[in-house]
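A short write-up of the structure that comes next.
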Number of protein chains: 2
Amino acid sequence: MTVQPKPRPGKRINDPEGMRKKVLDVAEDAFQARGYHASSIGDLMAAADVSGGALHHHFATKKALALAVIDERVAAAVEETWIAPVLAAASAREGVRAVFEAVAAELEQQGFVRGCPLNNLAHELSLADPDFRIALAGIFAGWRRAIADKVRADQQAGRDEGTDPERFAALTVAAYSGAMSMAKTAQDAGVLRDCLAGLERSAPSQGGSVARRRNRILPRPRTP
Amino acid sequence: MTVQPKPRPGKRINDPEGMRKKVLDVAEDAFQARGYHASSIGDLMAAADVSGGALHHHFATKKALALAVIDERVAAAVEETWIAPVLAAASAREGVRAVFEAVAAELEQQGFVRGCPLNNLAHELSLADPDFRIALAGIFAGWRRAIADKVRADQQAGRDEGTDPERFAALTVAAYSGAMSMAKTAQDAGVLRDCLAGLERSAPSQGGSVARRRNRILPRPRTP
DNA sequence: GACAAAACAGGACAACCGGTCTGTTTTACA
DNA sequence: TGTAAAACAGACCGGTTGTCCTGTTTTGTC
C-alpha cells in the first residue's frame, strides 16, 4: 500500500545502499517463500520496483545475489534467533528450550510455517554449487559451535557435567532443523514442541503429565 | 556404457511399463541430485533416452511426474530404509540405532551425501503446491507412526515404559532429517553418529567412551 | 564548473522452458 | 484379418529465463 507513486520524470535520487537493501529484502523473502530456482530475477525486479540495470549493478549475477542473501541475511537470522538467545540464556539447555518455544509460539501465532531459512536454501543449493555449499556449511558450523561453547561454559561453572558438548549441539541443531522440515510440510508447528519434549527427556526436574497432541492445519499458506 | 545402440529403423517394441519405470528412475535420480526446478524435462528425456511424446504419454505434466516420484519412489525409500528395518528390529530404540549406523556407513562408503529424498523434495515443493505438500506430509506421518507404533509394541511387552511414543518418534525423525541436512551441506556423514549418540544419551546400559570426532571432506560430489 | 566514475534505466537477445500437436507404429481384441 | 486404441516419435510454439548492452542521470572530486 505504501508504494511510492513518484515516477516524477524530472528528479532522481541515487541511494545505492537503500537500493541494495531493498533488493536483498525482496530476495531474502522470495528465496524463503518460493526457493531460489522458482524466483526469477524478473519477479524480484518487479517486487522490489527496481530496474534490471540497477539490480545488475549491485549484483552481477543471480548467484552473487544468493550468496549475498546467505552471507548477510541467513547468517544474521541464525545469529538473531539462535546464537544470541542461547548465549544470553542462563544455560545452554535453558536457551535451547526458550528458542524452541519462542519459535513455536511465533509460528502458531502467524498461522503458517515457512521453514528455516538456512535449511530451505541448504537443501536446494548445497549440491548445486560448491560456493553455496561452503557458505551454508559455515553457518551450520557456527550455529553448532555456539551451542557447544555454551555447554562448555556451563560445565566450567559446574553444571551439566554429563553432557557431551559437540553431541548436544549436533542433536539440538538437527532436531530443530528436522522439526522445522516437518512443521513446514505439515503446516503444523506442534512437532516443535514434541521434539523439545523429547530433547528434554533426560534432563532432571522434569515433571508434569503428557500434554496431548495438537493438530492444527493452518489456513493461509501464503500472502498474495 | 551399456547403452542400446539399436535405433534399428525397421523395428520397435512397445514396453509401456519399462518406459514408465525408466522415466521414473531418471526423474527420481535427477530430483534427488539437482532438485525439481533445476531438472528440466529435456534433461530427463535425454538421460532416459525417451522421446517427448513417450514421456508425456505416461506423465501429462512435470507435476504429475513429480507426484508419481513422491508416491511411488520416495515413499518406498522411506519404507525400505526406515519403516521395515525398525519394525523388524528387536526394539524401537535398537531399530533406530541400526538405521542411523547403516545409513552413516553407507554414506561414508559411497563418499558423498545426497541427502534424504523426502526432505530434499519436502523443502523445495511443500510450499510450491498443496498437492505436493499433502503427499509429502503423508509420508512423514507414516514414518512417525511406524516408529511410535513400534514403541507401543515394546511397551506392551514390558520394555521402555518411560518413553512417550509420539515424542520419541517425532524426535527421531527430526534428528535424522536434520542430521541429513547437515551431512549434505557439510558433505560429512559424521554428524549422523553425533546425533545418534545424543539420542541414546538417556538410554540405560550405555557404556563406552566418547568416539572422537571425525572430519571427512568428501572428494566427489557428483558423478558426470 | 569540468569531468570521470558511480548509479541507474530499459530494451534486446539467445537459450531454454514446459506443453501441445500431428503423424506413425505397435498391440490388443473381435 | 481388420480395426481401434494404445504407445511412441519428433517437430513446433509461445512464454520465460538470466544476462548483456547502450545510453542517461546523478554524484564525488579537483
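Letters A, B, ... mirror the listed sequences (proteins, then strands); counts begin at 1.
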I need the [atom1]-[atom2] distance between [X] and [N], as an integer number of Å.
X: A:K22; N: C:dA7; atom1: NZ; atom2: C1'; value: 13 Å
X: A:D43; N: D:dG15; atom1: CG; atom2: P; value: 17 Å
X: A:E17; N: D:dT27; atom1: CD; atom2: P; value: 14 Å
X: B:D49; N: D:dA9; atom1: CG; atom2: C1'; value: 12 Å
X: B:I41; N: C:dA15; atom1: CD1; atom2: P; value: 19 Å
X: B:M45; N: D:dG10; atom1: CE; atom2: P; value: 10 Å
X: A:M19; N: D:dT26; atom1: CE; atom2: P; value: 13 Å
X: A:L44; N: D:dT19; atom1: CG; atom2: P; value: 12 Å

Residue mapping more 5' on DNA chain C - nearest nucleotide basis, B:S39 or B:D15: B:S39
From the options [options], select the nucleotide whose nearest atom is closest to the side chain of [X].
X: B:S40; options: C:dA7, D:dC8, C:dC17; answer: C:dC17
X: B:N14; options: C:dC17, D:dA7, C:dC8; answer: D:dA7
X: A:H56; options: D:dT19, C:dG19, D:dC8; answer: D:dT19

Mutual orientation of the aromatic rings belonging to A:W143 and A:Y176 [parallel < 30°, tilted 30-60°, perpendicular > 60°]: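 Perpendicular, since the angle between the ring planes exceeds 60°.
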Mind running a 4.0 Å heavy-atom check of residues 62-73 of chain A against DNA chain C and sending the residues that fall below it, in number order? none
Close aromatic pair by centroid cut-off 6.0 Å: B:H123 and A:H123: yes
Side chains of B:V191 and A:R144: closer than 4.5 Å at any heavy-atom pair? yes
Are A:L24 and A:E28 side-chain neighbours, meaning at least one heavy-atom pair lies under 4.5 Å? no
Does the side chain of B:H57 get closer than 4.0 angstrom to OP1 or OP2 of D:dC8 through an N or O atom? no
So, is A:S51 close to the C:dG10 phosphate, meaning a side-chain N or O under 4.0 Å from OP1 or OP2?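 No, no such contact exists.
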Once hydrogens and angles are ignored, does a donor-acceptor distance under 3.5 Å link the base of C:dT25 to the side chain of B:R12? yes
Using a 6.0 Å distance limit plus a 45 degree cone around the ring axis, check whether B:K62 lies over the aromatic ring of B:Y36.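 Verdict for B:Y36: a cation-pi partner in B:K62.
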Rounded at 0.5 Å granularity, tell me how far OG in B:S126 sits from CG in A:N120. 8.0 Å
Would you kindly say whether B:K184 and B:N119 are connected by a side-chain donor-acceptor distance under 3.5 Å? no
